[in-house]
Amino acid sequence: TLLPDIFCEDGLLEELVGSGRLRFVPSGSDLPVIDLSGSGNPLSEELMEEAKDADFVVLEGMGRSIETNLDAHLIGVDSLRIGMVKHEEVARCLGTTL
């Protein structure tokens with residue numbers, strides 16, 4: 001896994017993860033997207049348990065943050081969606097070009 005290598009390079013990340021203030025939780029899906037609309041693949045029980053008390057959620061990647069959840073309302077939690085648009089079709093849907 002890549003995460004332990006990242007923690008070694010970033011003291012703040014290492015501290016936050018070590019204290020439990022920042023957690024990385026698997027989605028339970030083998031797909032590259034997480035559909036938070038409730039109509040897609042079910043999410044892991046671990047993810048659902050962690051998410052219920054979350055203060056902040058980060059959705060990372062074009063599929064997870066833009067294609068499936070750009071307009072998703074996460075009630076009661078702030079969120080950040082980070083993704084790089086890599087396909088012309090997606091860019092057109094967003095009203096722009098690559």
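Sequential numbering from 1 along the given sequence is applied to the chain's residues. Source: prediction; values computed, not measured.
Scanning for salt bridge (Lys or Arg N to Asp or Glu O under 4.0 Å) contacts around E49 gives K52, with sequence neighbours left out. With sequence neighbours excluded, the residues forming a side chain to side chain contact (heavy atoms under 4.5 Å, CB included) with L13 are I6, F7, D10, L22, listed by chain and number. Residues satisfying the side chain to side chain contact (heavy atoms under 4.5 Å, CB included) test with E46, not counting sequence neighbours, are V25, P26, S44. In this view, V85 and I66, V90, A91, L94, L98 satisfy the side chain to side chain contact (heavy atoms under 4.5 Å, CB included) rule, not counting sequence neighbours.
In this structure, S65 contributes its side chain and I82 its backbone to a donor-acceptor pair below 3.5 Å.
Residue pairs meeting the side-chain hydrogen bond (donor to acceptor under 3.5 Å, both in side chains) criterion with at least one partner in residues 11-25, sequence neighbours excluded, are R23-E50. Among residues at least two apart or in separate chains, side-chain hydrogen bond (donor to acceptor under 3.5 Å, both in side chains) pairs with a member in residues 76-93 are S79-R81.
Summarising the geometry of L80 relative to F56, their closest heavy-atom pair is CB-CZ, 3.6 Å, with the distance given to 0.1 Å.
Cluster membership check: F24 shares its hydrophobic cluster with L16, using side-chain heavy-atom separations under 4.5 Å among Ile, Leu, Val, Met, Phe, Trp and Tyr.
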